[in-house]
Amino acid sequence: MKNRLLLFLFLLPLLWIGTSNSHDWGDDFSQYLLQAKNLAQDRPQTNQELVFAEGELPYAIVAYPVGFPILLALFFDYFGLYIPPYLLLNAFFIILTTLFLFDYLKRSFDIKYSFLIAIFFAYNLIPLVLKKEILSEFPFTLLLFSILLLIKSDRRKSFAFAGLLAGFMISIRVSGIVILPALFGWYLMTQRQFPLKKRLVDCAVFSALAVTVFYLLNVALFEIDLKNFLGFYADQFESNRLMLPSNFFSFFQKTGEAIFPPLQSTLWTILLMIIILTGFYKKFKEGGLAEWFFIFYLLLIIVYPYASSGLRFIYPVLPFLIIYLVKGIQTIYQFITSKEKSFQLLTIIFSVSIFLSFRLFFSLPTPDGPYSTDAHSALNHIRTNTPENAIVLFSRARALNLYAERKSTFLIQHKSEQENLAILKKLQCDYILYADERSGAFNQSLQDFLIINKSDYDTIYKVDRFLLLKMKTEDRQ
């Protein structure tokens, strides 16, 4: 109890670090807040403000699974679009996850190693950077460790409750579905002290409870249009295949950059892979569920088309990567010296890493997004000076839905500039919000479109990096 209290006190600064009334242009957070708004106002979950060209593939998802919006709904009801409370919620999730991780670690490490790993996880560059954004990965990881702790308790009720939590976890991020094959693999292959029939029944009950919770939340109670959701990702996989080698290497490259920020070389990435895979092998032989989850999760994200796009995909398995790093260093250190003094070495490595992470983190600029002065002015102008039924083309379509309260659309990537212009006329999309190269919302395709079709539009509003254009009346025919 004293150790957990001490760890909690060490984690309290997370409530202040990186908390501000700003957010980047990432469009996912806008969708989550739109769905939270719909829940708070008792409206359908699907985003009816996105406008798609008939017969074309959707450029965005109309609704994510409802788990994360459920967690945000009360916050939206009280705080609306004021960002700091949501970032404090991130900090709360990180703190609670770290405490659960500490409990999990104590089952295979002594107290000093458990404390060191927990602190390094919480103050690693990845959570520090990510906590400035509204991300579903934070509650997802908290639920993952809740499930691991419950299943380790070896009680039937805990096992069943873990199944219910798994359904909610999958409702937060569908990638959580890998817990099902992970459980089957772990339970059937490593828990042979139990009869096969019992193992099969337990796995079936766990899966049935998880699927039931997911169905109730995302079909029976809140309709999220699963066909659109699954179809969107199926199309992304189809058009972005054969990326496995680059995604696999990128996963470890970004992990290496986070563990030791100054080192961004191929040699460091390969060395890190060797150490982590060594540690994974040692940990896998212990027969834990977490290693089976790690295998299936890694397989999923290396086939995912955009797995190399950011740090967020690493966060849910970052605790395991750190554990494998520690195990790998211990194994290699003992092989070289035949002595157990790896704790001192790890303390030095992690302390230097945290110092470098803080130095890099505090050098980062304020996120550029809808809370910047010019973006706020442009979005407010649209909300107050365009018709309520107006359709606006913008590179961050869902952010425009949320902050300007207007319908939005975007260019179809495989169409020419002239074809896109004809589609916009058919959709009766009269407005374009353009962000120039200095903005995080800049889009090259939109710039190319305007270069070709500039004679069809008039500029009706300008503020620093943003232009609001309107289609000329005579060109709407």
Side-chain angles (χ1 to χ4, degrees), residues 28-29 31-32 35-36 38-39 45-46 61-73 89 93 96-97 100 134-152 158-187 202-234 236-237 289-307 312-320:
D28 284 347
F29 91 95
Q31 181 62 40
Y32 285 128
Q35 290 182 233
N38 289 339
L39 282 170
Q45 279 294 283
T46 51
I61 293 170
V62 297
Y64 285 116
V66 76
F68 193 37
I70 286 174
L71 298 176
L72 297 177
L89 182 63
F93 285 137
L96 203 53
T97 300
F100 281 15
I134 298 173
L135 295 175
S136 57
E137 279 79 4
F138 293 118
F140 176 88
T141 308
L142 173 61
L143 285 173
L144 172 60
F145 275 92
S146 301
I147 291 167
L148 292 175
L149 288 172
L150 282 168
I151 288 179
K152 269 182 166 287
S158 297
F159 200 86
F161 186 53
L164 296 174
L165 288 182
F168 191 57
M169 181 177 74
I170 299 169
S171 296
I172 290 176
R173 291 195 64 79
V174 172
S175 57
I177 199 168
V178 300
I179 192 68
L180 302 184
L183 181 80
F184 270 85
W186 168 74
Y187 207 38
D202 286 347
C203 289
V205 169
F206 182 96
S207 300
L209 289 171
V211 170
T212 299
V213 170
F214 183 85
Y215 178 84
L216 286 174
L217 289 176
N218 299 284
V219 179
L221 297 177
F222 308 102
E223 176 59 55
I224 68 162
D225 194 350
L226 280 174
K227 183 179 179 181
N228 167 269
F229 179 83
L230 298 175
F232 177 85
Y233 281 109
Q236 299 302 311
F237 276 104
L289 172 60
E291 283 58 62
W292 287 84
F293 178 88
F294 180 81
I295 291 171
F296 283 99
Y297 184 86
L298 182 59
L299 287 172
L300 178 65
I301 65 171
I302 64 174
V303 300
Y304 181 69
Y306 304 116
R312 58 184 297 185
F313 299 103
I314 298 175
Y315 178 80
V317 291
L318 178 62
F320 308 132

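As the structure is a prediction and not an experimental result, all values here were calculated from the model.
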Task: Heavy-atom check, side chain of L183 versus side chain of W292, under 4.5 Å - done: no
- [ ] Measure from the side-chain N and O atoms of E137 to the backbone N and O of P316, and report whether any donor-acceptor pair falls under 3.5 Å.
- [x] no
TODO: Output the distance between atom CZ (F140) and atom CD1 (I172), rounded to the nearest 0.5 Å.
DONE: 8.5 Å
- [ ] Any salt bridge (charged side-chain N to carboxylate O under 4.0 Å, His left out) involving residues 177-187? Give me the pairs, sequence neighbours left out, ordered by first then second residue.
- [x] none
- [ ] Dump the intermediate steps for side-chain contact (heavy atoms from CB on, under 4.5 Å) on I151 and F159, then the final yes or no.
- [x] CA-CA 5 Å; I151 288 179; F159 200 86; 4.3 Å; yes
Open item on the list: Once ring-ring contact (aromatic ring centres under 6.0 Å, His included) is applied, do any residues pair with F168, and if so which ones, sequence neighbours excluded?
Closed with: none
TODO: Mind running side-chain contact (heavy atoms from CB on, under 4.5 Å) on I301 and S175 for me, showing each step along the way?
DONE: CA-CA 9 Å; I301 65 171; S175 57; over 6 Å; no
Open item on the list: To check you understand the geometry: which heavy-atom pair defines the closest contact between F184 and A204, and what is its length?
Closed with: CZ-N, 4.2 Å
Task: Spatial distance of atom CD1 (I70) from atom CG (L217) [nearest 0.5 Å] - done: 5.0 Å
Open item on the list: According to salt bridge (charged side-chain N to carboxylate O under 4.0 Å, His left out), does anything in residues 291-301 pair up with another residue at least two apart or in another chain? List the pairs.
Closed with: none
Task: Residue pair Y187 / C203: nearest heavy atoms and the distance that separates them - done: CD2-SG, 3.5 Å
- [ ] List for me each residue that meets side chain to side chain contact (heavy atoms under 4.5 Å, CB included) alongside A290, sequence neighbours excluded, and say none if there are none.
- [x] Y104, L148, F320
Task: Point-to-point distance, once rounded to the nearest 0.5 Å, from CD1 of I314 to CG of L298 - done: 10.5 Å
Task: Inter-residue atom distance I224.CD1 - Q35.CD, 0.5 Å rounding - done: 7.5 Å
Task: All side chain to side chain contact (heavy atoms under 4.5 Å, CB included) counterparts of L180, not counting sequence neighbours - done: I177, F206, S207, A210
- [ ] Of all the heavy-atom pairs spanning L150 and S158, show the shortest one and how long it is.
- [x] O-CB, 3.5 Å
Open item on the list: Please report the interatomic distance CZ(F100) to CG(L143), rounded to the nearest 0.5 Å.
Closed with: 9.0 Å
TODO: I would like to know whether M169 and I179 meet side-chain contact (heavy atoms from CB on, under 4.5 Å); could you show each step before the answer?
DONE: CA-CA 10 Å; M169 181 177 74; I179 192 68; 4.0 Å; yes
TODO: Would you sort out whether V213 and L209 count as a side-chain contact (heavy atoms from CB on, under 4.5 Å), showing the intermediate values?
DONE: CA-CA 6 Å; V213 170; L209 289 171; 5.6 Å; no
TODO: Would you list the pairs meeting ring pair (Phe, Tyr, Trp, His ring centres under 6.0 Å) in which at least one residue belongs to residues 208-228, sequence neighbours left out?
DONE: none
Open item on the list: Other residues, nucleotides and ligands only: do more than 12 of their heavy atoms fall within 6.0 Å of CZ on F161?
Closed with: no
TODO: List for me each residue that meets side chain to side chain contact (heavy atoms under 4.5 Å, CB included) alongside Y32, sequence neighbours excluded, and say none if there are none.
DONE: D28, Y64, F68, P69, L72, S136, R173
- [ ] Please confirm whether the backbone N or O of V62 pairs with a side-chain atom of Q31, one donor and one acceptor, at under 3.5 Å?
- [x] yes
TODO: Check the pair F138, Y315 against ring pair (Phe, Tyr, Trp, His ring centres under 6.0 Å), reporting the backbone distance first and the verdict last.
DONE: CA-CA 8 Å; F138 293 118; Y315 178 80; 5.0 Å; yes
- [ ] Please report the shortest heavy-atom distance between L289 and A182, naming the atom on each side.
- [x] CD1-O, 3.7 Å
- [ ] Quick one: pull up CG in L142 and CG in L96 and give me the separation to the nearest 0.5 Å.
- [x] 5.0 Å
Open item on the list: I need the minimum non-hydrogen distance between P139 and L71, along with the two atoms involved.
Closed with: CB-CD1, 3.6 Å
Task: Under 3.5 Å donor-acceptor, Y297 side chain and F313 backbone - done: yes
Task: Residues that V211 engages under side chain to side chain contact (heavy atoms under 4.5 Å, CB included), provided they are two or more places apart - done: none
Open item on the list: For residues 203-215, which residue pairs pass the salt bridge (charged side-chain N to carboxylate O under 4.0 Å, His left out) check, not counting sequence neighbours?
Closed with: none
